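A quick write-up on the structure given underneath.
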There are 2 protein chains.
Amino acid sequence: MRVLLIEDEPVLGQAVQEQVAADGHAVDWVARLDEADAALRAVDYGLVLLDLHLPDGRGLDLLKTLRRGGDQRPVIILTARDQISDRIEGLNAGADDYLVKPFDLNELSARVMAVSRRYAGNPNPLISSGKLKIDKAARRVWRGEEAIDLTKREWAILDLLTRRATAVISKEQMEEALYDFGSEIESNTVEVHISRLRKKLGRDAIHTVRGVGYRLGSD
Amino acid sequence: MRVLLIEDEPVLGQAVQEQVAADGHAVDWVARLDEADAALRAVDYGLVLLDLHLPDGRGLDLLKTLRRGGDQRPVIILTARDQISDRIEGLNAGADDYLVKPFDLNELSARVMAVSRRYAGNPNPLISSGKLKIDKAARRVWRGEEAIDLTKREWAILDLLTRRATAVISKEQMEEALYDFGSEIESNTVEVHISRLRKKLGRDAIHTVRGVGYRLGSD
DNA sequence: CTCCCCACGTCAGTTTCCCGTCAGTGCCCA
DNA sequence: TGGGCACTGACGGGAAACTGACGTGGGGAG
(Lines give C-alpha, C1' and ligand atoms only; values in the text may rest on other atoms or scores of the structure.)
Protein backbone atom coordinates (compact mmCIF):
# COMPACT_ATOMS: atom_id res chain seq x y z
CA MET A 1 0.00 0.00 0.00
CA ARG A 2 1.20 3.49 -0.80
CA VAL A 3 0.92 6.05 1.97
CA LEU A 4 1.02 9.83 1.77
CA LEU A 5 2.44 11.50 4.87
CA ILE A 6 1.73 15.19 5.24
CA GLU A 7 3.82 16.49 8.13
CA ASP A 8 6.07 19.49 8.55
CA GLU A 9 7.97 18.56 11.69
CA PRO A 10 11.18 16.89 10.49
CA VAL A 11 11.74 14.69 13.52
CA LEU A 12 8.24 13.33 13.75
CA GLY A 13 7.97 13.02 10.00
CA GLN A 14 11.10 10.95 9.78
CA ALA A 15 10.01 8.72 12.63
CA VAL A 16 6.62 8.10 11.09
CA GLN A 17 8.07 7.48 7.67
CA GLU A 18 10.50 4.93 9.03
CA GLN A 19 7.87 3.20 11.08
CA VAL A 20 5.36 2.90 8.27
CA ALA A 21 8.05 1.89 5.84
CA ALA A 22 9.21 -0.77 8.28
CA ASP A 23 5.70 -2.17 8.13
CA GLY A 24 6.19 -2.72 4.45
CA HIS A 25 4.41 0.25 2.94
CA ALA A 26 5.69 2.82 0.49
CA VAL A 27 5.68 6.27 2.04
CA ASP A 28 5.72 9.61 0.27
CA TRP A 29 6.45 12.41 2.68
CA VAL A 30 5.55 16.00 1.94
CA ALA A 31 5.62 19.01 4.22
CA ARG A 32 3.32 21.45 2.46
CA LEU A 33 -0.26 21.42 1.33
CA ASP A 34 0.43 22.30 -2.30
CA GLU A 35 2.81 19.38 -2.53
CA ALA A 36 0.17 17.20 -0.94
CA ASP A 37 -2.38 18.39 -3.48
CA ALA A 38 -0.10 17.56 -6.35
CA ALA A 39 0.75 14.16 -4.93
CA LEU A 40 -2.88 13.26 -4.35
CA ARG A 41 -3.69 14.12 -7.94
CA ALA A 42 -0.84 12.06 -9.29
CA VAL A 43 -0.89 8.92 -7.16
CA ASP A 44 -3.63 6.62 -5.97
CA TYR A 45 -2.76 6.45 -2.31
CA GLY A 46 -4.26 3.86 -0.05
CA LEU A 47 -3.93 6.03 3.03
CA VAL A 48 -3.25 9.64 3.96
CA LEU A 49 -1.61 10.62 7.25
CA LEU A 50 -2.45 14.24 7.82
CA ASP A 51 -0.95 16.70 10.25
CA LEU A 52 -3.40 19.51 10.89
CA HIS A 53 -0.92 22.30 11.39
CA LEU A 54 1.06 23.08 8.30
CA PRO A 55 2.96 26.16 7.22
CA ASP A 56 0.87 26.98 4.17
CA GLY A 57 -2.67 26.25 5.24
CA ARG A 58 -4.91 24.22 7.37
CA GLY A 59 -4.81 20.49 6.87
CA LEU A 60 -8.50 20.38 7.57
CA ASP A 61 -9.26 22.29 4.41
CA LEU A 62 -7.46 19.66 2.40
CA LEU A 63 -9.54 16.98 4.02
CA LYS A 64 -12.77 18.84 3.45
CA THR A 65 -11.90 19.44 -0.19
CA LEU A 66 -11.12 15.79 -0.67
CA ARG A 67 -14.38 14.66 0.84
CA ARG A 68 -16.42 17.24 -1.01
CA GLY A 69 -14.96 15.88 -4.19
CA GLY A 70 -16.26 12.44 -3.29
CA ASP A 71 -12.87 11.04 -2.37
CA GLN A 72 -13.32 8.24 0.12
CA ARG A 73 -9.69 7.41 0.77
CA PRO A 74 -8.83 6.71 4.38
CA VAL A 75 -7.37 9.69 6.22
CA ILE A 76 -5.80 9.48 9.66
CA ILE A 77 -5.27 12.76 11.42
CA LEU A 78 -2.19 13.50 13.51
CA THR A 79 -2.94 16.18 16.05
CA ALA A 80 -1.43 17.71 19.16
CA ARG A 81 -2.97 17.18 22.51
CA ASP A 82 -4.05 20.78 22.94
CA GLN A 83 -5.87 20.87 19.65
CA ILE A 84 -8.61 18.50 20.43
CA SER A 85 -11.22 20.79 18.99
CA ASP A 86 -9.45 20.32 15.66
CA ARG A 87 -9.75 16.64 16.17
CA ILE A 88 -13.48 16.88 16.60
CA GLU A 89 -13.70 19.05 13.53
CA GLY A 90 -11.53 16.54 11.75
CA LEU A 91 -13.90 13.73 12.49
CA ASN A 92 -16.73 15.91 11.35
CA ALA A 93 -14.85 16.65 8.16
CA GLY A 94 -14.57 12.97 7.38
CA ALA A 95 -11.38 11.67 8.93
CA ASP A 96 -11.29 7.95 9.58
CA ASP A 97 -9.21 8.11 12.69
CA TYR A 98 -6.90 10.31 14.65
CA LEU A 99 -3.76 9.99 16.71
CA VAL A 100 -2.87 12.44 19.44
CA LYS A 101 0.74 13.54 19.61
CA PRO A 102 2.91 12.33 21.07
CA PHE A 103 1.66 8.98 19.95
CA ASP A 104 3.11 5.54 20.28
CA LEU A 105 4.54 4.41 16.97
CA ASN A 106 3.15 0.95 17.60
CA GLU A 107 -0.27 2.49 17.89
CA LEU A 108 0.31 4.11 14.54
CA SER A 109 1.32 0.77 13.07
CA ALA A 110 -1.85 -0.80 14.31
CA ARG A 111 -4.05 1.84 12.69
CA VAL A 112 -2.14 1.70 9.43
CA MET A 113 -2.36 -2.06 9.47
CA ALA A 114 -6.13 -1.90 9.82
CA VAL A 115 -6.43 0.36 6.82
CA SER A 116 -4.08 -1.72 4.73
CA ARG A 117 -6.04 -4.84 5.44
CA ARG A 118 -9.16 -3.18 4.15
CA TYR A 119 -7.19 -1.90 1.20
CA ALA A 120 -6.09 -5.40 0.33
CA GLY A 121 -9.69 -6.54 0.41
CA ASN A 122 -9.33 -8.47 3.61
CA PRO A 123 -11.80 -7.91 6.36
CA ASN A 124 -10.59 -6.15 9.44
CA PRO A 125 -10.24 -8.10 12.62
CA LEU A 126 -13.36 -7.83 14.70
CA ILE A 127 -13.32 -7.10 18.36
CA SER A 128 -16.13 -8.92 20.03
CA SER A 129 -17.64 -8.41 23.41
CA GLY A 130 -20.72 -10.36 24.30
CA LYS A 131 -23.13 -9.99 21.39
CA LEU A 132 -21.19 -7.09 19.97
CA LYS A 133 -18.81 -7.18 17.07
CA ILE A 134 -16.73 -4.08 16.52
CA ASP A 135 -14.74 -3.22 13.43
CA LYS A 136 -12.62 -0.34 14.60
CA ALA A 137 -11.02 0.40 11.28
CA ALA A 138 -14.33 0.57 9.46
CA ARG A 139 -16.02 2.28 12.41
CA ARG A 140 -18.85 -0.17 12.44
CA VAL A 141 -20.65 -2.09 15.15
CA TRP A 142 -22.97 -5.05 15.02
CA ARG A 143 -25.23 -6.29 17.73
CA GLY A 144 -25.73 -9.90 16.76
CA GLU A 145 -26.61 -9.64 13.07
CA GLU A 146 -27.92 -6.14 13.24
CA ALA A 147 -25.66 -3.27 12.24
CA ILE A 148 -25.74 -0.31 14.60
CA ASP A 149 -25.23 3.33 13.73
CA LEU A 150 -23.26 5.30 16.26
CA THR A 151 -22.81 9.03 16.43
CA LYS A 152 -19.34 10.52 16.65
CA ARG A 153 -19.39 10.92 20.40
CA GLU A 154 -20.75 7.47 20.92
CA TRP A 155 -18.08 6.02 18.72
CA ALA A 156 -15.37 7.98 20.50
CA ILE A 157 -16.44 6.49 23.81
CA LEU A 158 -16.71 2.98 22.45
CA ASP A 159 -13.31 3.45 20.86
CA LEU A 160 -11.84 4.37 24.24
CA LEU A 161 -13.46 1.40 25.89
CA THR A 162 -12.07 -0.99 23.31
CA ARG A 163 -8.61 0.48 23.23
CA ARG A 164 -7.53 -1.42 26.29
CA ALA A 165 -9.89 -4.30 26.18
CA THR A 166 -10.72 -5.03 29.77
CA ALA A 167 -9.59 -1.82 31.39
CA VAL A 168 -11.81 0.49 33.36
CA ILE A 169 -12.03 3.95 31.83
CA SER A 170 -12.94 6.85 34.08
CA LYS A 171 -15.41 9.54 33.18
CA GLU A 172 -12.58 12.03 33.37
CA GLN A 173 -10.65 10.15 30.72
CA MET A 174 -13.71 10.14 28.53
CA GLU A 175 -14.20 13.86 28.97
CA GLU A 176 -10.60 14.44 28.04
CA ALA A 177 -11.01 12.37 24.95
CA LEU A 178 -14.18 14.10 23.89
CA TYR A 179 -13.62 17.71 24.69
CA ASP A 180 -11.28 20.51 24.13
CA PHE A 181 -8.61 20.87 26.72
CA GLY A 182 -9.78 23.34 29.30
CA SER A 183 -13.37 23.53 28.18
CA GLU A 184 -14.86 22.20 31.32
CA ILE A 185 -17.99 20.24 31.33
CA GLU A 186 -20.22 20.75 34.28
CA SER A 187 -22.99 18.34 33.62
CA ASN A 188 -23.39 14.62 33.33
CA THR A 189 -22.75 14.50 29.61
CA VAL A 190 -20.68 11.37 29.75
CA GLU A 191 -23.36 9.55 31.68
CA VAL A 192 -25.91 10.60 29.13
CA HIS A 193 -23.78 9.27 26.29
CA ILE A 194 -23.27 6.04 28.14
CA SER A 195 -26.99 5.77 28.56
CA ARG A 196 -27.55 6.36 24.86
CA LEU A 197 -24.87 3.84 23.97
CA ARG A 198 -26.47 1.25 26.18
CA LYS A 199 -29.81 1.84 24.54
CA LYS A 200 -28.24 1.01 21.21
CA LEU A 201 -25.81 -1.71 22.21
CA GLY A 202 -27.76 -3.43 24.93
CA ARG A 203 -28.04 -2.73 28.59
CA ASP A 204 -25.15 -4.95 29.63
CA ALA A 205 -22.72 -3.98 26.90
CA ILE A 206 -21.09 -1.50 29.24
CA HIS A 207 -20.47 -2.23 32.86
CA THR A 208 -20.39 0.47 35.51
CA VAL A 209 -17.73 0.36 38.17
CA ARG A 210 -19.23 2.77 40.65
CA GLY A 211 -16.89 5.55 41.67
CA VAL A 212 -14.27 4.45 39.16
CA GLY A 213 -15.55 4.36 35.63
CA TYR A 214 -16.85 2.10 32.91
CA ARG A 215 -15.71 -1.11 31.32
CA LEU A 216 -16.71 -3.01 28.21
CA GLY A 217 -18.60 -6.24 28.78
CA SER A 218 -21.03 -7.43 31.36
CA ASP A 219 -19.29 -9.94 33.58
CA MET B 1 3.92 -3.49 32.65
CA ARG B 2 4.45 -4.59 36.20
CA VAL B 3 7.82 -3.82 37.79
CA LEU B 4 9.45 -5.29 40.87
CA LEU B 5 11.73 -2.89 42.68
CA ILE B 6 14.17 -4.45 45.14
CA GLU B 7 15.78 -1.65 47.10
CA ASP B 8 16.39 -1.09 50.80
CA GLU B 9 17.09 2.61 50.90
CA PRO B 10 13.77 4.30 51.64
CA VAL B 11 14.48 7.60 49.93
CA LEU B 12 15.81 6.16 46.71
CA GLY B 13 13.20 3.44 46.69
CA GLN B 14 10.39 5.90 46.96
CA ALA B 15 11.82 8.11 44.26
CA VAL B 16 12.25 5.21 41.88
CA GLN B 17 8.80 3.88 42.62
CA GLU B 18 7.20 7.22 41.93
CA GLN B 19 9.13 7.76 38.75
CA VAL B 20 8.34 4.38 37.28
CA ALA B 21 4.74 4.63 38.39
CA ALA B 22 4.50 8.02 36.72
CA ASP B 23 5.55 6.32 33.51
CA GLY B 24 2.41 4.26 33.75
CA HIS B 25 3.75 1.06 35.21
CA ALA B 26 2.67 -0.76 38.31
CA VAL B 27 5.49 -0.97 40.82
CA ASP B 28 5.87 -3.39 43.68
CA TRP B 29 8.58 -2.35 46.06
CA VAL B 30 10.28 -4.74 48.44
CA ALA B 31 13.32 -4.20 50.62
CA ARG B 32 14.45 -7.73 51.33
CA LEU B 33 15.47 -10.67 49.27
CA ASP B 34 12.99 -13.09 50.79
CA GLU B 35 10.16 -10.71 49.94
CA ALA B 36 11.56 -10.41 46.45
CA ASP B 37 11.63 -14.16 46.16
CA ALA B 38 8.02 -14.47 47.19
CA ALA B 39 6.94 -11.70 44.87
CA LEU B 40 8.77 -13.19 41.91
CA ARG B 41 7.05 -16.48 42.51
CA ALA B 42 3.61 -14.88 42.67
CA VAL B 43 3.72 -12.32 39.88
CA ASP B 44 4.83 -12.34 36.30
CA TYR B 45 6.85 -9.15 36.32
CA GLY B 46 7.92 -7.48 33.13
CA LEU B 47 11.01 -6.01 34.71
CA VAL B 48 13.06 -6.29 37.88
CA LEU B 49 15.03 -3.36 39.28
CA LEU B 50 17.64 -4.85 41.58
CA ASP B 51 19.82 -3.16 44.15
CA LEU B 52 22.89 -5.23 44.79
CA HIS B 53 23.36 -4.40 48.45
CA LEU B 54 20.58 -5.62 50.61
CA PRO B 55 20.38 -6.32 54.33
CA ASP B 56 19.72 -10.02 54.06
CA GLY B 57 21.86 -11.23 51.24
CA ARG B 58 23.46 -10.36 47.99
CA GLY B 59 21.24 -9.26 45.17
CA LEU B 60 23.54 -10.96 42.75
CA ASP B 61 22.65 -14.34 44.17
CA LEU B 62 19.01 -13.69 43.45
CA LEU B 63 19.85 -12.83 39.87
CA LYS B 64 22.02 -15.92 39.45
CA THR B 65 19.33 -18.13 40.89
CA LEU B 66 16.77 -16.65 38.56
CA ARG B 67 18.90 -17.18 35.51
CA ARG B 68 19.89 -20.65 36.56
CA GLY B 69 16.20 -21.47 36.75
CA GLY B 70 15.78 -20.39 33.17
CA ASP B 71 14.03 -17.15 33.99
CA GLN B 72 14.57 -14.66 31.18
CA ARG B 73 12.83 -11.67 32.68
CA PRO B 74 14.66 -8.38 32.18
CA VAL B 75 16.73 -7.27 35.17
CA ILE B 76 18.29 -3.85 35.54
CA ILE B 77 20.87 -3.51 38.28
CA LEU B 78 21.14 -0.45 40.51
CA THR B 79 24.63 -0.13 41.89
CA ALA B 80 26.83 2.41 43.63
CA ARG B 81 29.74 3.98 41.84
CA ASP B 82 32.35 2.31 43.98
CA GLN B 83 31.07 -1.15 43.29
CA ILE B 84 31.93 -1.42 39.66
CA SER B 85 33.29 -4.90 40.06
CA ASP B 86 29.82 -5.90 41.16
CA ARG B 87 28.50 -4.38 38.03
CA ILE B 88 30.72 -6.48 35.86
CA GLU B 89 29.80 -9.52 37.82
CA GLY B 90 26.16 -8.53 37.41
CA LEU B 91 26.39 -8.42 33.67
CA ASN B 92 28.10 -11.77 33.74
CA ALA B 93 25.32 -13.10 35.90
CA GLY B 94 22.75 -12.12 33.33
CA ALA B 95 21.63 -8.57 34.00
CA ASP B 96 20.28 -6.70 31.01
CA ASP B 97 21.46 -3.30 32.03
CA TYR B 98 22.75 -1.31 34.97
CA LEU B 99 22.44 2.15 36.42
CA VAL B 100 25.13 3.70 38.58
CA LYS B 101 23.95 5.60 41.65
CA PRO B 102 23.26 8.41 41.84
CA PHE B 103 21.44 8.14 38.56
CA ASP B 104 19.17 10.52 36.73
CA LEU B 105 15.55 9.49 37.05
CA ASN B 106 14.96 10.34 33.42
CA GLU B 107 17.72 7.95 32.53
CA LEU B 108 15.87 5.33 34.51
CA SER B 109 12.69 6.12 32.63
CA ALA B 110 14.47 5.67 29.35
CA ARG B 111 15.78 2.25 30.27
CA VAL B 112 12.44 1.14 31.63
CA MET B 113 10.73 2.39 28.51
CA ALA B 114 13.08 0.35 26.37
CA VAL B 115 12.16 -2.77 28.25
CA SER B 116 8.46 -2.01 28.20
CA ARG B 117 8.52 -1.60 24.45
CA ARG B 118 9.81 -5.12 24.13
CA TYR B 119 7.17 -6.18 26.57
CA ALA B 120 4.26 -4.47 24.82
CA GLY B 121 1.61 -6.65 23.35
CA ASN B 122 1.71 -9.25 26.03
CA PRO B 123 -1.33 -9.75 28.19
CA ASN B 124 -1.43 -8.18 31.61
CA PRO B 125 0.50 -9.94 34.32
CA LEU B 126 -1.66 -11.88 36.71
CA ILE B 127 -1.09 -12.13 40.40
CA SER B 128 -2.33 -15.39 41.77
CA SER B 129 -3.08 -16.44 45.28
CA GLY B 130 -4.82 -19.71 45.87
CA LYS B 131 -7.81 -19.81 43.54
CA LEU B 132 -7.62 -16.10 42.90
CA LYS B 133 -6.22 -14.43 39.85
CA ILE B 134 -5.77 -10.68 40.04
CA ASP B 135 -5.19 -8.40 37.10
CA LYS B 136 -4.18 -5.10 38.62
CA ALA B 137 -3.88 -3.25 35.36
CA ALA B 138 -7.42 -4.13 34.35
CA ARG B 139 -8.64 -3.91 37.93
CA ARG B 140 -10.22 -7.34 37.76
CA VAL B 141 -10.33 -10.44 39.91
CA TRP B 142 -11.24 -14.01 39.13
CA ARG B 143 -12.10 -16.74 41.54
CA GLY B 144 -11.35 -19.81 39.50
CA GLU B 145 -13.13 -19.07 36.23
CA GLU B 146 -15.65 -16.67 37.66
CA ALA B 147 -15.04 -12.94 37.40
CA ILE B 148 -15.70 -10.98 40.57
CA ASP B 149 -16.87 -7.41 40.86
CA LEU B 150 -15.24 -5.40 43.61
CA THR B 151 -16.24 -2.00 44.85
CA LYS B 152 -13.78 0.83 45.17
CA ARG B 153 -12.97 0.18 48.82
CA GLU B 154 -12.74 -3.54 48.39
CA TRP B 155 -10.34 -3.13 45.54
CA ALA B 156 -8.25 -0.67 47.53
CA ILE B 157 -7.84 -3.23 50.28
CA LEU B 158 -7.04 -6.07 47.95
CA ASP B 159 -4.58 -3.81 46.20
CA LEU B 160 -2.85 -3.15 49.51
CA LEU B 161 -2.73 -6.82 50.35
CA THR B 162 -1.19 -7.70 47.02
CA ARG B 163 1.23 -4.82 46.96
CA ARG B 164 3.56 -6.56 49.32
CA ALA B 165 2.60 -10.08 48.64
CA THR B 166 3.29 -11.93 51.83
CA ALA B 167 3.32 -9.05 54.25
CA VAL B 168 0.83 -8.58 57.03
CA ILE B 169 -1.09 -5.34 56.70
CA SER B 170 -2.49 -3.77 59.84
CA LYS B 171 -5.95 -2.32 60.08
CA GLU B 172 -4.37 1.06 60.73
CA GLN B 173 -2.51 0.87 57.44
CA MET B 174 -5.71 0.02 55.67
CA GLU B 175 -7.54 2.92 57.22
CA GLU B 176 -4.77 5.21 56.15
CA ALA B 177 -4.96 3.88 52.64
CA LEU B 178 -8.72 4.16 52.44
CA TYR B 179 -9.38 7.51 53.96
CA ASP B 180 -8.25 11.02 53.59
CA PHE B 181 -5.72 12.16 56.07
CA GLY B 182 -7.53 13.48 59.09
CA SER B 183 -10.91 11.95 58.49
CA GLU B 184 -10.99 9.62 61.41
CA ILE B 185 -12.98 6.50 61.54
CA GLU B 186 -14.32 5.24 64.79
CA SER B 187 -15.96 1.96 63.97
CA ASN B 188 -14.94 -1.41 62.65
CA THR B 189 -15.21 -0.39 59.01
CA VAL B 190 -12.12 -2.25 57.94
CA GLU B 191 -13.34 -5.46 59.49
CA VAL B 192 -16.61 -5.07 57.68
CA HIS B 193 -14.85 -4.61 54.37
CA ILE B 194 -12.69 -7.62 55.02
CA SER B 195 -15.80 -9.60 55.73
CA ARG B 196 -17.39 -8.46 52.48
CA LEU B 197 -14.23 -9.27 50.58
CA ARG B 198 -14.12 -12.74 52.02
CA LYS B 199 -17.73 -13.30 51.04
CA LYS B 200 -16.83 -12.52 47.46
CA LEU B 201 -13.38 -14.05 47.23
CA GLY B 202 -13.75 -17.06 49.46
CA ARG B 203 -13.42 -17.48 53.17
CA ASP B 204 -9.74 -18.35 53.13
CA ALA B 205 -8.59 -15.77 50.62
CA ILE B 206 -7.56 -13.47 53.45
CA HIS B 207 -5.88 -14.70 56.57
CA THR B 208 -6.26 -12.96 59.91
CA VAL B 209 -3.21 -12.49 62.08
CA ARG B 210 -4.89 -11.78 65.35
CA GLY B 211 -3.76 -8.57 67.00
CA VAL B 212 -1.62 -7.65 64.01
CA GLY B 213 -3.55 -7.45 60.77
CA TYR B 214 -4.36 -9.33 57.61
CA ARG B 215 -2.41 -11.20 55.00
CA LEU B 216 -3.26 -12.58 51.59
CA GLY B 217 -3.60 -16.34 51.34
CA SER B 218 -4.75 -19.07 53.67
CA ASP B 219 -1.68 -20.72 55.16
C1' DC C 1 -30.67 31.22 1.62
C1' DT C 2 -34.11 28.70 4.31
C1' DC C 3 -35.92 24.93 6.49
C1' DC C 4 -35.59 20.63 8.67
C1' DC C 5 -33.39 17.13 11.23
C1' DC C 6 -30.77 15.27 14.63
C1' DA C 7 -26.70 15.05 17.58
C1' DC C 8 -25.54 16.70 21.80
C1' DG C 9 -25.30 19.38 26.15
C1' DT C 10 -28.08 20.41 30.06
C1' DC C 11 -31.30 19.62 33.69
C1' DA C 12 -34.29 17.38 36.95
C1' DG C 13 -36.48 13.51 38.95
C1' DT C 14 -35.71 8.87 40.06
C1' DT C 15 -33.16 4.80 41.07
C1' DT C 16 -29.38 2.19 42.53
C1' DC C 17 -26.22 0.61 45.73
C1' DC C 18 -21.93 1.67 48.38
C1' DC C 19 -20.37 2.19 52.79
C1' DG C 20 -20.21 3.56 57.65
C1' DT C 21 -22.43 2.31 61.78
C1' DC C 22 -24.17 -0.69 65.21
C1' DA C 23 -25.35 -4.73 67.68
C1' DG C 24 -25.26 -9.45 68.57
C1' DT C 25 -22.39 -13.53 68.25
C1' DG C 26 -18.30 -16.24 67.93
C1' DC C 27 -13.59 -17.30 68.75
C1' DC C 28 -9.02 -17.23 70.83
C1' DC C 29 -5.97 -16.97 74.63
C1' DA C 30 -4.79 -15.98 79.41
C1' DT D 1 -14.16 -18.89 82.48
C1' DG D 2 -13.86 -14.20 81.23
C1' DG D 3 -12.26 -10.41 78.41
C1' DG D 4 -11.10 -8.76 74.27
C1' DC D 5 -10.75 -9.05 69.50
C1' DA D 6 -12.82 -10.36 65.31
C1' DC D 7 -16.88 -11.59 62.33
C1' DT D 8 -21.16 -10.68 60.11
C1' DG D 9 -26.11 -9.51 59.25
C1' DA D 10 -28.99 -5.52 59.09
C1' DC D 11 -30.04 -0.84 58.07
C1' DG D 12 -30.33 3.89 56.57
C1' DG D 13 -28.27 7.98 54.58
C1' DG D 14 -26.55 9.94 50.78
C1' DA D 15 -23.65 10.07 46.89
C1' DA D 16 -23.29 8.34 42.29
C1' DA D 17 -25.48 6.92 38.28
C1' DC D 18 -29.50 6.54 35.08
C1' DT D 19 -32.76 8.35 31.95
C1' DG D 20 -36.55 10.97 29.82
C1' DA D 21 -37.31 15.56 28.21
C1' DC D 22 -36.08 19.84 26.13
C1' DG D 23 -33.65 23.44 23.62
C1' DT D 24 -30.21 24.70 20.44
C1' DG D 25 -27.02 24.91 16.95
C1' DG D 26 -24.85 23.12 12.93
C1' DG D 27 -25.01 20.54 8.66
C1' DG D 28 -27.41 18.88 4.68
C1' DA D 29 -31.19 19.08 1.34
C1' DG D 30 -33.94 21.66 -1.55
Side-chain angles (χ1 to χ4, degrees), chain A residues 60-61 63-65 67-70 84-95 139 148-158 161 168-180 183-215 218, chain B residues 139 148-158 168-172 174-180 182-215 218:
Chain A
L60 265 183
D61 296 333
L63 174 57
K64 284 181 182 166
T65 309
R67 291 294 184 243
R68 207 168 294 134
I84 300 186
S85 56
D86 281 346
R87 197 165 101 204
I88 306 279
E89 202 179 335
L91 290 176
N92 287 339
R139 306 185 131 261
I148 309 271
D149 280 332
L150 295 186
T151 68
K152 291 175 203 78
R153 294 273 142 79
E154 289 162 358
W155 177 264
I157 287 180
L158 186 62
L161 286 170
V168 176
I169 311 287
S170 72
K171 278 189 277 201
E172 287 70 27
Q173 286 176 285
M174 292 184 182
E175 281 186 14
E176 268 181 48
L178 293 184
Y179 305 105
D180 206 348
S183 81
E184 282 140 49
I185 290 290
E186 63 296 272
S187 80
N188 59 348
T189 312
V190 169
E191 288 170 23
V192 172
H193 278 300
I194 291 283
S195 175
R196 287 169 180 159
L197 259 175
R198 284 211 257 245
K199 203 178 285 180
K200 290 184 178 183
L201 303 179
R203 180 160 303 253
D204 56 356
I206 299 172
H207 182 76
T208 304
V209 183
R210 201 162 242 260
V212 183
Y214 299 93
R215 185 182 55 218
S218 52
Chain B
R139 197 192 176 282
I148 310 271
D149 278 331
L150 295 186
T151 69
K152 205 176 176 183
R153 295 277 196 271
E154 289 162 358
W155 177 260
I157 287 180
L158 186 62
V168 175
I169 311 286
S170 72
K171 276 187 276 199
E172 287 70 27
M174 291 185 182
E175 283 186 14
E176 267 178 48
L178 292 187
Y179 306 104
D180 278 340
S183 76
E184 282 143 48
I185 288 290
E186 62 297 270
S187 79
N188 62 347
T189 313
V190 169
E191 289 172 21
V192 173
H193 278 300
I194 292 284
S195 172
R196 287 169 182 161
L197 259 176
R198 284 210 258 245
K199 199 180 289 181
K200 289 184 178 182
L201 303 179
R203 183 153 309 244
D204 56 356
I206 299 171
H207 181 74
T208 303
V209 183
R210 211 178 169 79
V212 183
Y214 299 94
R215 171 164 51 77
S218 52

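Per chain, numbering begins at 1; letters A, B, ... match sequence-line order. Everything quoted here is computed from the prediction, not taken from an experiment.
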- Query: Where do D149(B) and H207(A) land on the side chain to side chain contact (heavy atoms under 4.5 Å, CB included) test, with the steps shown first?
  - Reply: CA-CA 10 Å; D149(B) 278 331; H207(A) 182 76; 3.3 Å; yes
- Task: Given side chain to side chain contact (heavy atoms under 4.5 Å, CB included), test T208(A) with E191(A) step by step and report yes or no.
- Result: CA-CA 10 Å; T208(A) 304; E191(A) 288 170 23; over 6 Å; no
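Taking each heavy atom of K152(B) and R210(A) in turn, the nearest pair found is CB-O, 4.5 Å.
L201(B) contributes atom CG, which lies 9.5 Å from atom CD1 of I194(B) (distance to the nearest 0.5 angstrom).
The nearest whole Å value for the distance from the CG atom in D149(B) to the C1' atom in dT16(C) is 15 Å. At whole-Å resolution of the value, CZ in R215(A) and P in dA17(D) are 14 Å apart. Rounding to whole angstrom units, CD1 of residue I194(B) and C1' of dG20(C) are separated by 15 Å. Here dC8(C) presents its P atom at 6 Å from CD of E154(A), a figure rounded to the nearest Å. Regarding N188(A), its CG atom lies at a distance of 11 Å from the C1' atom of dA16(D), rounded to whole Å. Nucleotide dC17(C) holds its P atom 16 Å from the CG atom of L150(B), rounded to whole Å. Between the NZ atom of K171(A) and the C1' atom of dA15(D) there is a distance of 11 Å, rounded to whole Å. Taking atom CD on E175(B) and atom C1' on dT21(C), their separation rounds to 13 Å, with Å as the unit.
Nearest to the side chain of S187(B), among dT21(C), dA6(D), dT10(C), sits dT21(C). In the set dC18(C), dT19(D), dG20(C), dC18(C) carries the atom at the smallest distance from any side-chain atom of R210(A). Out of dC19(C), dT19(D), dT8(D), the shortest distance to the side chain of T151(B) is found at dC19(C). Checking dG9(C), dC19(C), dT8(D) against the side-chain heavy atoms of H193(A) singles out dG9(C) as nearest. Comparing dT10(C), dA6(D), dT19(D) against the side chain of R196(A) picks out dT10(C) as the nearest.
Listed pair T189(B) / dT21(C) meets the phosphate criterion, a side-chain N or O lying under 4.0 Å from OP1 or OP2. Residue S195(B) places none of its side-chain N or O atoms closer than 4.0 Å to OP1 or OP2 of dC7(D). Between Y214(A) and dA16(D), a side-chain N or O to OP1/OP2 separation shorter than 4.0 Å is absent. For dA16(D), the OP1/OP2 oxygens have no side-chain nitrogen or oxygen of K152(B) closer than 4.0 Å.
Checking V209(A), V190(A), I206(A), L161(A) one by one against I169(A), the side chain to side chain contact (heavy atoms under 4.5 Å, CB included) holds for a single residue, L161(A).
Using a 4.0 Å heavy-atom distance criterion, R198(B) is classed as a sugar-phosphate-only contact.
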